[in-house]
There are 2 protein chains.
Amino acid sequence: MFRGCTKLSVDNKGRMAVPSRYRDRLVGLSDGCLILTLNPLDRSLWLYPLPEWEIIEGKLAALSDFDKQGRRAKQMMRGYATDCQLDGQGRILLPNELREYASINKHIMLLGQGNKFELWDEKTWQKLREEWLAEVGSESTEPSDSLKSLSL
Amino acid sequence: MFRGCTKLSVDNKGRMAVPSRYRDRLVGLSDGCLILTLNPLDRSLWLYPLPEWEIIEGKLAALSDFDKQGRRAKQMMRGYATDCQLDGQGRILLPNELREYASINKHIMLLGQGNKFELWDEKTWQKLREEWLAEVGSESTEPSDSLKSLSL
DNA sequence: TATTTTTACCCACAATTACCCACAATTACC
DNA sequence: GGTAATTGTGGGTAATTGTGGGTAAAAATA
């Protein structure tokens with residue numbers, strides 16, 4: 001399971017270094033072969049090791065084409081899924097299309113999210129974080145049911 | 001179960017010594033592997049022994065991605081969860097990101113909190129404590145229902 | 001096929017991190 | 001209360017890691 005956050009930068013060739021603490025695991029899992037696609041729920045990107053992506057692909061294939069939301073999710077996630085290979089320095093090349101979607105230009109926040117990583121434009125992420133913290137802190141906002149019963 | 005509070009300092013490399021009375025237990029539990037993450041409810045940090053964190057991770061994984069609050073909680077807590085390894089002197093390195101979140105610079109208050117520790121900037125903690133004491137002391141503030149029935 | 005653009009591989013630098021040793025303050029023990 | 005062990009703090013050094021860029025191969029375009 002992946003966790004932890006790292007500030008990273010994208011060089012002017014569009015490459016991003018994968019933090020070294022994850023590299024061995026990624027090479028072990030799939031010889032450094034990764035799948036990058038868009039996150040349909042937020043303006044960010046998802047980065048899967050190949051075997052994990054194949055599980056997701058299976059789930060997507062099972063969605064009915066007659067459910068509009070399912071069809072769209074399928075189209076987006078599969079459509080934008082790009083193969084990325086770790087290079088000799090442990091970097092991957094981020095395709096233009098995807099960088100634009102997440103408005104990533106130079107500074108990235110990479111978040112471990114269980115079976116995958118989430119890639120955010122740093123500014124966008126900071127803003128999101130502050131918004132969320134304000135919301136959690138305010139007494140006026142009711143936590144959702146699933147959160148109410150959560151003990152950490 | 002962890003309890004008790006300790007004043008500690010962070011050196012200029014960002015390291016914090018874990019009090020020696022906890023070390024044996026932490027090494028026994030998880031070979032000194034700890035997870036540090038943000039406390040989304042206060043501006044402080046949580047430090048879990050790995051096995052305890054894995055329980056939390058399970059609870060988080062169960063939250064739906066389609067509930068926005070659940071998704072955010074997941075992103076924040078997992079995203080900021082950082083692996084920390086006790087070094088030869090029994091210290092851990094506190095990542096910049098997290099120190100900033102809790103506005104920790106030099107003096108820390110470490111509180112045992114059952115399954116985890118809570119790390120506060122000392123000044124912030126002092127202030128909070130005084131505020132809370134004042135609030136509880138004042139007759140005007142109603143205790144919440146769960147507190148009303150509490151005998152200590 | 002020729003030209004331009006994109007991608008992969010290599011090397012180099014600077015910043016960060018891990019490991020080691022040392023000191024001073026605190027605590028435990030006799 | 002004095003002495004010895006433990007513990008928290010500081011810092012030097014070497015290795016690792018993230019970043020940048022030059023150059024050659026590959027792909028795309030004309």
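These values consider heavy atoms only, across backbone and side chains, with no hydrogens, waters or symmetry-generated copies. Every chain is numbered from 1, with letters handed out A, B, ... down the list of sequences.
One atom, CG of D11(A), and another, P of dC9(C), lie 15 Å apart when rounded to the nearest Å. The interatomic distance linking K7(A) (NZ) with dT16(C) (C1') rounds to 14 Å, in whole Å. Separating the CZ atom of R91(A) from the P atom of dT19(D) is a distance of 9 Å, rounded to the nearest angstrom. Summarising the geometry, the separation between CD on Q89(B) and P on dC20(C) is reported as 9 Å, rounded to the nearest angstrom. In this structure, M16(B) places its CE atom 10 Å from P of dG8(D), rounding to the nearest Å. D87(B) has its CG atom 15 Å from the C1' atom of dT16(C), to the nearest Å.
At dG20(D), none of the side-chain N or O atoms of N12(A) fall inside 4.0 Å of OP1 or OP2 (strictly under the cut-off). Between S9(A) and dT19(D), a side-chain N or O to OP1/OP2 separation shorter than 4.0 Å is present. For dT16(C), neither phosphate oxygen OP1 nor OP2 lies less than 4.0 angstrom from any side-chain nitrogen or oxygen of R15(B). Contact annotation: R21(B) side-chain N/O to dT26(C) OP1/OP2 distance is not under 4.0 Å.
With sequence neighbours left out, the salt bridge (Lys or Arg N to Asp or Glu O under 4.0 Å) criterion links D31(B) to no other residue. Every residue meeting the side chain to side chain donor-acceptor pair (under 3.5 Å) condition with T6(A), not counting sequence neighbours, appears here in chain and number order: R21(A). When the salt bridge (Lys or Arg N to Asp or Glu O under 4.0 Å) test is applied to R91(A), the partners found at least two apart in sequence or on another chain are D11(A), D87(A). Listed by chain and number, the residues in a side chain to side chain donor-acceptor pair (under 3.5 Å) with S64(A) amount to none (sequence neighbours excluded). With sequence neighbours excluded, no residue forms a salt bridge (Lys or Arg N to Asp or Glu O under 4.0 Å) with E100(B). Scored by the salt bridge (Lys or Arg N to Asp or Glu O under 4.0 Å) test, E52(A) finds no partners at all (sequence neighbours excluded). Looking at residues two or more places apart in sequence or on another chain, you find a side chain to side chain donor-acceptor pair (under 3.5 Å) between S44(A) and N39(A).
At its two ends the helix from dT1(C)-dA30(D) to dC30(C)-dG1(D) runs along axes set 40° apart, each axis drawn from five pairs and the angle rounded to 10°.
You'll find that the side chain of P19(B) is closest to dG8(D), out of dG8(D), dG10(D), dC11(C).
Pairs engaging residues 103-129 of chain B under the salt bridge (Lys or Arg N to Asp or Glu O under 4.0 Å) rule: K7(B)-E122(B) [sequence neighbours left out]. Applying the salt bridge (Lys or Arg N to Asp or Glu O under 4.0 Å) test to every pair with at least one member in residues 66-85 of chain A, sequence neighbours left out, gives these pairs: D65(A)-K74(A).
Under a cut-off of 6.0 angstrom, the local environment of OH in Y101(B) is crowded, with over 12 non-hydrogen atoms contributed by other residues, nucleotides or ligands.
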What does the B/S/- profile of nucleotides 23-30 of chain D look like, 5' to 3', with a 4.0 Å heavy-atom cutoff to protein? B-------
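Separation of the F117(A) and Y22(A) ring centroids falls under the 6.0 Å cut-off.
Applying a 4.0 Å cut-off to non-hydrogen atoms, the residues of residues 92-113 of chain B that approach DNA chain C are L93(B), listed by residue number.
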